[in-house]
Colleague: 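Let me begin by handing over the structure; questions about it come next.
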Amino acid sequence: MATTRLTIKNAVPTLHQPDVSGARRVGSGLAPLLVLYAVYSLVRFLVSDRGPIAGGHHARSVLDLERWLRIDWELDVQGEVLPRAWLTHAANWYYVYGFLPVLIGCAILGAWKAPLVFAWWRRVFAISLALALVGFALFPLTPPRLLPASYGYVDTLLRFGPRYYGDVTGSSLFNLYGSIPSTVNVYAAMPSMHVAWSVVAAALFWIAAGRRRWATVVAVVHPCLMAFAVVATANHYVMDVAAGLAVLLASIAIARRWGDRFEGQLPSAGHRI
């Protein structure tokens with residue numbers, strides 16, 4: 001009887017014996033993710049030196065290809081957005097706060113609610129990060145907002161805020177508002193990982209929310225809104241978005257083959273999108 005009472009007592013969490021397994025799982029799951037993102041940001045900065053030389057030439061090539069494909073929608077999108085102040089501000093704020101904060105939040109939910117799924121998508125994230133860095137190194141690209149004024153694009157973040165990448169003096173969040181040198185690679189536009197990683201965030205959210213109908217709607221709408229925001233703010237071309245999604249699809253294919261080869265099996269279809 002004493003043994004039974006002791007077992008029951010130890011099995012029930014109390015204020016003096018908090019259940020920290022969930023917090024540990026989230027912490028251990030997120031730590032590699034944050035390290036990877038820090039390395040990603042550093043490498044992006046280290047390969048930025050070719051940007052001022054090749055970025056403009058590549059931008060003209062991208063615009064020529066878009067015209068040929070008839071997907072040169074950037075100026076048309078800005079033409080619809082700029083006359084509507086509320087929509088311009090919404091696009092700016094979604095670009096800034098709908099990316100990294102949402103990605104981290106959904107990663108926390110995934111690591112907490114579905115650790116096996118989170119681990120698989122973390123692998124996809126790592127592969128896509130490596131592929132994106134290759135793209136940034138080999139194809140530096142001047143984003144629309146930094147092209148000469150004759151192209152007609154407006155840097156909405158600089159003009160209306162929040163000044164995510166800096167004001168006219170170069171002061172921004174990334175350099176503690178002028179306190180330290182900036183480490184931003186403004187020529188890392190191709191591919192657009194804003195949209196690709198928004199898909200990853202949406203997938204984690206959808207699984208963590210139990211695949212409910214409303215969660216499906218949110219998971220579909222979020223990457224679409226991000227795609228709109230990156231174009232409306234003149235931070236990316238349509239081709240950047242397409243390239244980011246291609247990188248994501250390639251990463252998923254590699255992750256599946258990697259899992260089949262080194263682990264024998266991946267999470268079942270019910271655990272993935």
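FYI, side chains are in, hydrogens and waters are out, and symmetry mates aren't considered; it's all heavy atoms of this structure.
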Colleague: Evaluate the side-chain proximity of L248 to V124: yes if any heavy-atom separation is below 4.5 Å, no if none is.
Modeller: yes
Colleague: So which atom in C106 and which in F205 form the shortest heavy-atom distance, rounded to 0.1 Å?
Modeller: SG-CB, 3.8 Å
Colleague: Between R70 and E66, is the salt bridge (charged side-chain N to carboxylate O under 4.0 Å, His left out) condition met? List the steps.
Modeller: CA-CA 6 Å; R70 297 185 178 180; E66 287 189 347; over 6 Å; no
Colleague: CD1 of I207 to CH2 of W121: how many Å apart, nearest 0.5 Å?
Modeller: 9.0 Å
Colleague: Evaluate the side-chain proximity of V154 to R145: yes if any heavy-atom separation is below 4.5 Å, no if none is.
Modeller: no
Colleague: Would you say the ring centers of Y94 and H89 fall short of 6.0 Å from each other?
Modeller: no
Colleague: Could you report the tightest heavy-atom contact between P162 and Y97, atom names first, then the distance?
Modeller: CG-CE1, 4.5 Å
Colleague: Once rounded to the nearest 0.5 Å, what's the spacing between atom CD1 of I127 and atom CZ of R122?
Modeller: 12.0 Å
Colleague: Could you state the interatomic distance from CE (M239) to CG (L141), rounded to the nearest 0.5 Å?
Modeller: 10.5 Å
Colleague: Tell me, do F136 and P191 make a side-chain contact under 4.5 Å, heavy atoms counted?
Modeller: yes
Colleague: Report yes or no: do W206 and V102 belong to one cluster of Ile/Leu/Val/Met/Phe/Trp/Tyr joined by side chain heavy-atom distances under 4.5 Å?
Modeller: no
Colleague: Does W120 reach the side chain of R256, with side-chain heavy atoms less than 4.5 Å apart?
Modeller: yes
Colleague: Just say parallel, tilted or perpendicular for the rings of H194 and Y95, cut-offs at 30° and 60°.
Modeller: parallel
Colleague: Of all the heavy-atom pairs spanning L131 and A250, show the shortest one and how long it is.
Modeller: CD1-CB, 4.3 Å
Colleague: With the side chain counted from C-beta on, respond yes when L100 and W197 share a heavy-atom pair under 4.5 Å apart, and no when they do not.
Modeller: no
Colleague: For A202 and A219, work out which heavy atoms get closest and say how close.
Modeller: CB-O, 3.2 Å
Colleague: Considering non-hydrogen atoms only, spot the tightest contact between G98 and H222 and give its length.
Modeller: O-CE1, 3.0 Å
Colleague: Run the side-chain contact (heavy atoms from CB on, under 4.5 Å) check on Y151 and R60 step by step: do they pass?
Modeller: CA-CA 10 Å; Y151 282 82; R60 289 188 291 273; 3.3 Å; yes
Colleague: Is there a donor-acceptor contact under 3.5 Å from the side chain of T142 to the main chain of L147?
Modeller: no
Colleague: Are M190 and L69 connected, step by step, through hydrophobic side chains (Ile, Leu, Val, Met, Phe, Trp, Tyr) whose heavy atoms are closer than 4.5 Å?
Modeller: yes
Colleague: Could you measure the distance from the CD1 atom of I108 to the NZ atom of K113? Nearest 0.5 Å is fine.
Modeller: 13.5 Å
Colleague: Tell me which one of L82, T233, D155 satisfies side-chain contact (heavy atoms from CB on, under 4.5 Å) with F160.
Modeller: L82
Colleague: Does any N or O in the side chain of H58 come within less than 3.5 Å of the main-chain N or O of P140, such that one atom is a donor and the other an acceptor?
Modeller: yes
Colleague: Locate the shortest heavy-atom distance separating R84 from E80; write the atom from each residue and the value.
Modeller: NH1-O, 2.6 Å
Colleague: Check whether any side-chain heavy atom of L109 lies under 4.5 Å from a side-chain heavy atom of L204, and answer yes or no.
Modeller: no
Colleague: Got a sec: does the CH2 of W214 have more than 12 other heavy atoms crowding it under 6.0 Å?
Modeller: yes
Colleague: Do V221 and V195 belong together in a cluster built from hydrophobic side chains that touch within less than 4.5 Å?
Modeller: yes
Colleague: Nearest 0.5 Å, what's the NE2-CE distance between H236 and M193?
Modeller: 10.0 Å
Colleague: Looking only at atom types and distance, does a side-chain atom of S251 sit under 3.5 Å from a main-chain N or O of S128, one as donor and one as acceptor?
Modeller: yes
Colleague: Distance check, rounded to the nearest 0.5 Å: D76 atom CG versus I71 atom CD1?
Modeller: 12.5 Å
Colleague: Is there side-chain contact between W73 and V231, with at least one heavy-atom pair below 4.5 Å?
Modeller: no
Colleague: Using side-chain contact (heavy atoms from CB on, under 4.5 Å), reason through N235 and D240 one step at a time and then give a plain yes or no.
Modeller: CA-CA 10 Å; N235 276 284; D240 298 342; over 6 Å; no
Colleague: Please answer: with hydrophobic residues joined when any side-chain heavy atoms are less than 4.5 Å apart, are L249 and V134 in the same cluster?
Modeller: no
Colleague: Are F139 and L65 joined in one hydrophobic group, where the rule is that I, L, V, M, F, W and Y side chains link up if heavy atoms are under 4.5 Å apart?
Modeller: yes
Colleague: With the side chain counted from C-beta on, respond yes when V230 and Y237 share a heavy-atom pair under 4.5 Å apart, and no when they do not.
Modeller: no
Colleague: Verify the ring-centre separation between W93 and F99: is it less than 6.0 angstrom?
Modeller: no
